[in-house]
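Okay, structure first, notes after.
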Amino acid sequence: MSTRYNFRENEEKWQAAWKQASVYKAKEKGSKYYVLEMFPYPSGRLHMGHVRNYIIGDVFARFKRALGYSVLHPMGWDAFGLPAENAAIQHGVHPKTWTLQNIQLMREELQSLGISYDWTREILTCAPDYYSHEQKIFLDFLKQGIAYRKESFVNWDPVEGTVLANEQVIDGKGWRSGSPIERRKLFQWFLRITDFSQDLLDDLEPLNHWPEQVKTMQINWIGRSEGARILFSLIETNQVLEVFTTRPDTIFGASFLGISPDHPFVENLAKKDPALQTFITECRARGTSQKEIETAEKKGFNTNFTVQHPFLKNHTLPLYVANFVLMDYGTGVIFGCPAHDERDYDFAVKYQLTILPVIKGSNDEPSPYEGDGVLINSSFLNGLTVEQAKKEVIHRLVSKKLGKPEVSYKLRDWGISRQRYWGCPIPIIHCPTCGIVPVPDQQLPVKLPEDVVFDQPGNPLDLHPTWKYVACPTCGQAAERETDTFDTFFESSWYFARFCSPHDSAPFNKEMAEFWMPVDQYIGGIEHAILHLLYSRFFTKALKKCGYWDLSEPFQNLLTQGMVCHETYRDQAGVWIYPHEVEKREGRFVKISDGSFVKIGRSEKMSKSKCNVVPAAKIIEAYGADTARLFMLSDSPPERDFEWSEAGIEGNWRYLNKVWRLIVSHLINLQNIDLSKVPLTFTEKALETRKHTHKTIAHVTQCIERFHYNRYIAYLREFSNHLEEFSPSESSEKWALYEALHTFVLLISPALPHLAESLWEKLGHSSFVINQAWPKADPYLLIEEKAMLAIQINGKMRGTLETSPHLTEDEAKELVLELPFVKAQIQDKALIKFIYVPGRVVNVVF
RNA sequence: GCGGGCGUGGUGGAAUUGGUAGACACGCCAGACUUAGGAUCUGGUGACGAAAGUCGUGGGGGUUCAAGUCCCUUCGCCCGCACCA
């Protein structure tokens with residue numbers, strides 16, 4: 001009898017059998033459960049981060065299937081994106097070829113993991129069959145006023161003559177050219193996500209099964225704040241500048257007005273002021289990323305204009321152009337109150353502006369003081385609290401017609417134009433006569449041309465010799481196609497809907513979508529906490545507005561999983577090297593090629609640049625899918641980072657074999673008895689095993705429901721340790737063993753589906769274990785009659801006492817105070833307190 | 001800079017949400033067995049101590065009969081910041 005489990009043979013066998021029987025095909029009947037993992041970008045090979053994500057989802061999908069749900073568990077490819085174009089530039093391979101090859105490889109790897117996907121629903125976002133639908137969706141957005149065009153900034157590389165992604169801007173310079181980047185304005189398409197700000201905020205609250213931190217991040221991102229809009233008139237002209245502030249109460253501490261360099265007023269002014277023009281150019285000599293803008297040194301430019309203070313006659317404030325004032329937030333103009341705002345304070349110190357405290361805290365706080373307090377130096381506001389003062393100022397502004405209350409959001413409209421080839425073409429035609437003309441429905445899809453070249457800077461679509469030249473659909477005159485493509489977040493904002501009816505001629509079938517949606521359990525990386533999830537939520541609402549469905553939120557439950565990390569290694573020269581180039585010899589790590597010592601770095605997120613990646617395919621090849629699955633599940637809870645190690649995978653491989661031996665070696669104990677009859681009485685030993693079996697069912701079920709997968713595996717190990725030592729001597733014990741082994745195999749099946757099938761077969765079944773119902777724990781076998789009571793004296797642990805968990809406080813007191821070690825400690829001192837938590841702890845305080 | 005997290009033995013992590021810290025493993029140590037293996041089995045393993053015991057959940061302070069868990073403060077690391085996906 002083989003003592004080793006042949007994973008290669010068995011995994012292949014069961015994968016083929018499942019496929020043959022179409023067991024994972026989703027059917028629209030009964031109670032549905034939609035499990036979705038974030039689909040991958042086909043970057044080349046499946047990495048451990050993907051593997052972890054899909055295994056987490058698979059365990060849950062299999063569990064729900066066993067509980068009797070109709071499960072939808074699909075997979076697809078987020079196939080448009082920048083890396084394909086980079087590959088085209090670097091290696092001369094066409095983005096489509098590169099992408100499809102990657103998908104082919106990754107699909108095979110994914111299938112070898114034995115994940116329960118319904119592959120008949122596979123989606124490729126780069127296929128016209130997918131992206132044509134989003135052109136339709138875009139045109140519907142346009143009709144509803146959700147899509148529009150405006151000018152906005154991009155990262156411009158003046159050497160390459162190309163727009164760069166933020167990722168391609170490193171320290172303010174282009175990644176290839178090394179040339180300083182400038183912000184340049186371009187007409188681009190936007191989606192009015194800001195129209196949904198309040199809905200996106202309000203609908204977050206009932207999402208009880210989303211991680212609190214994700215909700216908090218989204219709330220902060222949307223950034224609702226209540227404040228006031230205040231009008232300031234310029235002394236020198238009769239113009240008015242509008243300021244949004246959340247601190248109108250500090251108006252008497254205002255010492256300057258700061259205006260964004262990108263404000264139209266400033267741009268106008270600069271036409272006649274070369275010095276200001278130079279200042280603006282300086283401010284724009286960096287990328288568009290928020291981090292870059294906010295960490296830049298604070299700089300100002302005195303316009304020599306002044307504005308009238310709304311409440312103080314003969315009091316004016318200087319107007320500075322300030323690089324830290326963002327045009328995208330509020331009105332692009334602020335009033336600076338240096339005594340009570342950090343940034344204003346720094347600015348005032350630099351430009352020697354007045355710093356007048358107007359709020360007094362309870363102590364003498366150092367400037368700037370951003371806390372609560374009582375108003376001082378503030379005319380009619382003196383003595384009021386901050387809250388009261390805000391109300392009063394707004395009231396007075398309204399009566400003077402110099403302002404009004406206002407709610408503002410940090411959330412900005414979503415720019416979806418990309419000046420790139422490998423994306424979905426925006427279905428718009430620019431006509432010199434008719435202007436912007438949507439491509440008519442019957443002319444959809446606008447397909448991406450394949451005959452493009454990447455040997456010159458700029459967008460290959462724009463440079464294509466013929467593609468963009470078309471007749472205007474309205475007047476028939478010569479016109480040009482829009483050559484920008486969609487942001488690839490567009491594809492991932494509705495793919496979950498497409499999965500419900502992936503071959504439908506509409507973007508999705510309403511009936512099907514309303515059957516499967518919302519996604520019951522969504523799983524993906526925490527790095528998507530804001531953008532992808534917010535955009536998908538927005539799309540769901542926008543699609544509702546366009547009549548696609550009657551749904552407001554796409555994802556009922558959300559699990560954000562942690563990253564997969566690995567130790568990093570460097571050779572003697574300090575060059576990063578891969579784990580497979582390293583070996584442990586006599587307790588030290590050496591480079592296999594030359595035996596030199598290897599420097600071990602700390603564990604970091606697996607990345608190609610640090611060479612600490614372990615390819616999924618290699619692991620599956622060496623240990624099999626079930627071992628990889630087990631390791632991924634057993635070591636860390638899903639939401640935490642996962643530490644990949646050679647020792648870890650080895651240990652789990654050994655456990656797999658242990659399970660195999662456990663069942664196989666017990667088979668002899670199940671012979672020659674009638675297992676179909678439940679015995680009327682059980683020996684104490686049999687009963688103990690039965691209790692263990694049912695407690696394990698209860699524990700495991702709860703652990704899986706709560707995604708405590710590492711504890712799920714821990715309970716299985718504890719149970720198998722028990723079963724290893726169990727040797728039945730009479731028939732009720734044999735029956736208890738039979739029950740235990742069958743239950744064990746059922747319980748491991750979501751985690752180790754191939755091994756479970758093999759063992760199920762060994763136990764004499766010809767059906768699939770994955771089609772079996774999930775076991776139910778017998779409540780009578782879960783009852784505890786004994787509890788270990790912890791005895792504390794003055795809060796310190798001093799011993800334990802085995803008792804019934806149902807003792808009354810008086811009974812417990814009587815028992816505990818008679819214990820010798822308790823008596824010895826108390827002696828004749830008076831008892832002050834006796835604390836009793838039934839079944840858990842007593843604390844004797846004297 | 002702004003927003004959100006995390007921190008428990010040599011290692012990954014447990015700890016019915018304030019009630020016996022270290023479940024379950026990995027590693028290590030000792031032993032057994034053997035057709036000498038990437039095998040299996042048994043025992044040990046938080047630190048200090050001969051023991052009684054003392055100390056222990058990044059550091060400091062606090063609340064409580066009782067703190068890994070709650071509060072304040074501090075340090076370190078990670079994620080996101082709107083054109084990577």
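The sequence lines fix the lettering, A, B, ..., with proteins before strands; numbering per chain opens at 1.
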How far, in whole Å, is [M] from [N] if one measures between their [atom1] atoms?
{"N": "B:A85", "M": "B:U16", "atom1": "P", "result": "41 Å"}
{"N": "B:C26", "M": "B:G9", "atom1": "C1'", "result": "13 Å"}
{"N": "B:C75", "M": "B:U42", "atom1": "C1'", "result": "45 Å"}
{"N": "B:G43", "M": "B:C24", "atom1": "P", "result": "13 Å"}
{"N": "B:G19", "M": "B:A66", "atom1": "P", "result": "14 Å"}
{"N": "B:A15", "M": "B:C70", "atom1": "P", "result": "14 Å"}
{"N": "B:U20", "M": "B:C72", "atom1": "C1'", "result": "29 Å"}
{"N": "B:C28", "M": "B:A82", "atom1": "P", "result": "46 Å"}

Any base atoms under 4.0 Å from [X], or only sugar-phosphate, or nothing? Heavy atoms, all strands.
{"X": "A:F489", "answer": "base"}
{"X": "A:D641", "answer": "sugar-phosphate"}
{"X": "A:L534", "answer": "nothing"}
{"X": "A:Q792", "answer": "base"}
{"X": "A:L531", "answer": "base"}
{"X": "A:W653", "answer": "nothing"}
{"X": "A:I791", "answer": "nothing"}
{"X": "A:G799", "answer": "nothing"}
{"X": "A:V845", "answer": "sugar-phosphate"}
{"X": "A:T800", "answer": "base"}
{"X": "A:V214", "answer": "nothing"}
{"X": "A:H532", "answer": "nothing"}

Pairing partner (Watson-Crick or G-U wobble, both distances under 3.5 angstrom) of [N]:
{"N": "B:C48", "result": "B:G53"}
{"N": "B:C2", "result": "B:G80"}
{"N": "B:C26", "result": "B:G10"}
{"N": "B:C70", "result": "B:G62"}
{"N": "B:U20", "result": "none"}
{"N": "B:A32", "result": "B:U40"}

* Asked: Does A:R717 count as lying over the ring of A:Y655, i.e. NZ or CZ under 6.0 Å from the six-ring centre, within 45 degrees of the axis?
  ->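 Positive - A:R717 is close enough to the ring of A:Y655 and near enough to its axis.
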
So is A:R343 actually on top of A:F324's ring, under 6.0 Å and inside 45° of the axis?
->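 The answer is no, since A:R343 fails at least one limit relative to A:F324.
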
Is the phosphate of [N], meaning OP1 or OP2, less than 4.0 Å from a side-chain N or O of [X]?
{"X": "A:N710", "N": "B:C24", "answer": "no"}
{"X": "A:N166", "N": "B:C81", "answer": "no"}
{"X": "A:R711", "N": "B:A14", "answer": "no"}
{"X": "A:T488", "N": "B:A85", "answer": "yes"}
{"X": "A:T216", "N": "B:G4", "answer": "no"}
{"X": "A:K796", "N": "B:C55", "answer": "yes"}
{"X": "A:R654", "N": "B:G27", "answer": "yes"}
{"X": "A:R343", "N": "B:C2", "answer": "no"}
{"X": "A:N657", "N": "B:G38", "answer": "no"}
{"X": "A:R640", "N": "B:A14", "answer": "yes"}

Legend entry - Chi-based syn or anti call at B:G12, which uses purine or pyrimidine torsion atoms and a 90° bound: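 Anti conformation here, the glycosidic angle of B:G12 being more than 90° from 0.
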
Notebook entry, point to check: 5'-most contact on RNA chain B: A:N721 or A:N220, nearest heavy atom basis?
Noted result: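 Nearest-nucleotide comparison on RNA chain B picks A:N220.
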
Worksheet item: On RNA chain B, nearest-nucleotide positions of A:M217 versus A:E724: which is more 5'?
Response: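 Result of the comparison: A:M217.
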
Closest contact, heavy atoms only, [X] versus [Y]:
{"X": "A:E809", "Y": "A:Y836", "value": "CA-CD2, 3.6 Å"}
{"X": "A:E491", "Y": "A:D78", "value": "CB-OD1, 4.0 Å"}
{"X": "A:Y522", "Y": "A:Y495", "value": "OH-OH, 2.7 Å"}

From the set [options], return the single nucleotide nearest to any side-chain atom of [X].
{"X": "A:A165", "options": "B:C78, B:C83, B:G4", "result": "B:C83"}
{"X": "A:R717", "options": "B:A21, B:A85, B:C24", "result": "B:C24"}
{"X": "A:I835", "options": "B:A85, B:G19, B:C81", "result": "B:G19"}
{"X": "A:Q188", "options": "B:C83, B:U20, B:C78", "result": "B:C83"}
{"X": "A:A714", "options": "B:A23, B:C2, B:C78", "result": "B:A23"}
{"X": "A:M788", "options": "B:U20, B:G80, B:G13", "result": "B:U20"}
{"X": "A:R418", "options": "B:G19, B:C83, B:G4", "result": "B:C83"}
{"X": "A:V163", "options": "B:U20, B:G12, B:C83", "result": "B:C83"}
{"X": "A:P83", "options": "B:A23, B:C84, B:C41", "result": "B:C84"}
{"X": "A:V841", "options": "B:G19, B:A85, B:C84", "result": "B:G19"}

| query | Can you list the residues that meet the side-chain contact (heavy atoms from CB on, under 4.5 Å) rule with A:Q188, with sequence neighbours excluded? | reply |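 Checked A:Q188 against side-chain contact (heavy atoms from CB on, under 4.5 Å); matches are A:S152, A:V154, A:L186, A:F190, A:S417, A:Q419.
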
### Query
Hey, does the side-chain of A:Q419 have a donor or acceptor N/O within less than 3.5 Å of a partner on the base of B:C83?
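Indeed, a donor on one side and an acceptor on the other fall under 3.5 Å apart.
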
Are any of the side-chain nitrogens in A:K350 or A:E297 under 4.0 Å away from the carboxylate oxygens of its partner?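 Between A:E297 and A:K350 there is a salt bridge, with a charged N closer than 4.0 Å to a carboxylate O.
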
Query raised in the report: Do side-chain atoms of A:T125 reach the backbone of A:A79 as a donor and acceptor pair under 3.5 angstrom?
Result: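 Yes.
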
| said: Quick check against the 3.5 Å criterion: does A:D487 have a side-chain atom that pairs as donor or acceptor with the backbone of A:F490? | reply: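 Answer holds: no.
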
Ring-ring centroid check A:F7 A:Y623, cutoff 6.0 Å: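 No - the distance between ring centres of A:F7 and A:Y623 does not fall below the 6.0 Å cut-off.
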
